[in-house]
Amino acid sequence: MDLKAKMLRDDALKGKTIVVTGGGSGLGKSMTTYFLELGANVVITSRNIEKLQTVKKELEEKTGGTVLPVQCDVRHYDEVEAMVKAANDAFGSVDVLLNNAAGNFISPTERLSANAFDTIIDIVLKGTKNCTLAFGKHWIEKKETNKTVLNIVTTYAFTGSAYVVPSATAKAGVLAMTRSLAVEWAKYGIRFNAIAPGPFPTKGAWDRLLPGDLKEKFDLAKKVPLKRVGDHQELANLAAYLVSDFSAYLNGEVIVIDGGEWLKGAGQMNLLEEVPQEMWDMLEAMIRSKKNKS
Ligand code: HXC
Ligand code: NAP
């Protein structure tokens, strides 16, 4: 199986302009690359303009597409409004907002300062709100339609998770925003969906979630029924579909792409995966022998 196979036809995103927050690294960069290969113009934003300029050069050379790098800290509404203007000035209009920027680190919650908790909420929830509100107001005021917002959440947006409580809290808020606006803004021709990825190795996430030898200690692939982490192209394929017109009837959905990871943690008897095949004859015999004895 070729996990790097590209799913959509070459011109699937031709004519679309897509804003990817946090588009200069990790999953944002991988999705940006594929959108460019499919013919879209992409605006990549983050706090670090030098990094974005380097990525622009690299991806334009690699794909022949057009990238506009814009410095924008999603926590500040004035910077987000300036980014919306820069994107519209450059391309005339924007069709897709991909809220991908995030901040996160592991910590027992009682060790967090109020500011540490706020920092994550501000990047993830307030940042997504800032970008969504700024683009939404613009699209509604200009009566522009056929727009899509795609939010990157996590599976713990609906399960919750210890040791990443600010992130879980914020991602749950983003998921609620996704589902709420999918209904409220459908009348303006704006649809909302979300992706909840399982483990897809990136430097940004791994340095903060699995520092030092935690990487070896907690092999995330082992938590996944499919026994592997995700390939970035698998996520990029799903994201490209969700921002394309092929998914025009999908609205308010969160799609999990995690190899079955969260369900493995949830099912009460899933721990029986640990039972070796050769033990099942004995276990069955033990269970059958109890028939009519209780
Ligand atoms: C406790 C910490 C801390 C830590 C920072 N703080 N790191 N507290 N443990 N490890 C505290 C600081 O002391 C400060 O509080 C407050 O948090 C803000 O820290 P700053 O460094 O001033 O913030 P800033 O420069 O804005 O950086 C934000 C950041 C940083 C989130 C802390 O890591 C960052 O820039 N991250 C962006 C990229 C990222 O996180 N990527 C991973 C996404 S992965 P005080 O009180 O001292 O002022 C992801 C995966 C989901 O989301 C699921 C995967 C399976
Ligand atoms: P990453 O490379 O660290 O991506 C985070 C991006 O957000 C960076 O490009 C960063 O750029 C940007 N960013 C952070 N704070 C910002 C701010 N205040 N304003 C603007 N941009 C900001 O990590 P990743 O793994 O690719 O994560 C991408 C998305 O996937 C996130 O939403 C994450 O929660 C989600 N996710 C990842 C995984 C995984 O396994 N990797 C699993 C589930 C969900 P700058 O530092 O330059 O600002």
Side-chain angles (χ1 to χ4, degrees), residues 12-13 15-23 28 31-32 35 40-45 68 70 72-102 121-154 157-158 169-197 235 238-257:
L13 297 178
K16 286 203 187 289
T17 297
I18 302 176
V19 169
V20 181
T21 68
M31 291 186 280
T32 295
F35 296 162
N41 303 314
V42 185
V43 182
I44 53 173
T45 78
L68 176 70
V70 180
C72 170
D73 187 327
V74 291
R75 291 173 284 196
H76 304 306
Y77 195 70
D78 54 343
E79 291 186 32
V80 170
E81 280 187 312
M83 178 268 284
V84 172
K85 184 171 182 324
N88 279 298
D89 287 351
F91 297 110
S93 64
V94 170
D95 304 288
V96 176
L97 166 64
L98 202 174
N99 285 306
N100 165 78
I121 299 275
D122 285 353
I123 300 171
V124 176
L125 181 54
K126 191 171 154 192
T128 301
K129 176 273 292 178
N130 282 343
C131 296
T132 304
L133 195 61
F135 272 107
K137 279 173 179 288
H138 177 86
W139 288 328
I140 293 165
E141 191 202 316
K142 300 279 177 205
K143 295 193 167 45
E144 292 184 18
T145 57
N146 192 20
K147 306 298 176 188
T148 293
V149 178
L150 179 60
N151 294 327
I152 306 298
V153 294
T154 63
F158 39 88
T169 309
K171 294 284 193 184
V174 172
L175 184 54
M177 201 189 317
T178 308
R179 289 174 167 151
S180 306
L181 287 174
V183 174
E184 190 180 328
W185 284 0
K187 60 180 172 287
Y188 299 120
I190 308 169
R191 63 192 177 93
F192 286 77
N193 291 296
I195 297 177
L235 184 89
L238 176 59
Y241 166 67
L242 288 175
V243 302
S244 78
D245 293 340
F246 295 114
S247 63
Y249 202 51
L250 253 160
N251 187 29
E253 196 51 72
V254 54
I255 300 188
V256 175
I257 178 166

- request: Assess whether side-chain contact (heavy atoms from CB on, under 4.5 Å) is satisfied between Leu68 and Asn41, documenting all intermediate values.
  value: CA-CA 8 Å; Leu68 176 70; Asn41 303 314; over 6 Å; no

Determine whether [X] and [Y] make a side-chain contact, defined as any pair of heavy atoms from C-beta on separated by less than 4.5 Å.
{"X": "Ile195", "Y": "Leu242", "result": "yes"}
{"X": "Lys16", "Y": "Val243", "result": "no"}
{"X": "Met31", "Y": "Val42", "result": "no"}
{"X": "Met177", "Y": "Leu125", "result": "yes"}
{"X": "Val80", "Y": "Phe135", "result": "no"}
{"X": "Ile257", "Y": "Leu235", "result": "yes"}

Any donor and acceptor pair, going by atom type alone, linking the side chain of [X] with main-chain N or O of [Y] inside 3.5 Å?
{"X": "Asn100", "Y": "Gly22", "result": "yes"}
{"X": "Lys171", "Y": "Ile152", "result": "yes"}
{"X": "Thr148", "Y": "Val96", "result": "no"}
{"X": "Lys147", "Y": "Gly136", "result": "no"}
{"X": "Asn193", "Y": "Leu150", "result": "no"}
{"X": "Thr21", "Y": "Ala101", "result": "yes"}

Point-to-point distance, once rounded to the nearest 0.5 Å, from [atom1] of [X] to [atom2] of [Y]:
{"X": "Thr128", "Y": "Leu175", "atom1": "OG1", "atom2": "CG", "result": "11.5 Å"}
{"X": "Thr145", "Y": "Asp95", "atom1": "OG1", "atom2": "CG", "result": "10.0 Å"}
{"X": "Thr132", "Y": "Leu181", "atom1": "OG1", "atom2": "CG", "result": "7.0 Å"}
{"X": "Phe35", "Y": "Thr17", "atom1": "CZ", "atom2": "OG1", "result": "12.5 Å"}
{"X": "Glu81", "Y": "His138", "atom1": "CD", "atom2": "NE2", "result": "11.5 Å"}

Of the non-hydrogen atoms in [X] and [Y], which two are nearest, and what is the gap between them?
{"X": "Glu144", "Y": "Ser93", "value": "OE1-CB, 3.6 Å"}
{"X": "Ala196", "Y": "Phe158", "value": "CB-CE2, 4.3 Å"}
{"X": "Ala194", "Y": "Val153", "value": "CB-CG2, 4.2 Å"}
{"X": "Ala240", "Y": "Leu13", "value": "O-CD2, 4.1 Å"}
{"X": "Arg75", "Y": "Lys126", "value": "O-CE, 3.6 Å"}
{"X": "Leu250", "Y": "Arg191", "value": "O-NH1, 3.0 Å"}

statement: Exactly one of Val149, Ile140, Asn251 clears side-chain contact (heavy atoms from CB on, under 4.5 Å) with Trp185, and that residue is Ile140

- prompt: Where do Val254 and Thr178 land on the side-chain contact (heavy atoms from CB on, under 4.5 Å) test, with the steps shown first?
  reply: CA-CA 8 Å; Val254 54; Thr178 308; over 6 Å; no

message: Other residues, nucleotides and ligands only: do more than 12 of their heavy atoms fall within 6.0 Å of NZ on Lys187?
response: yes

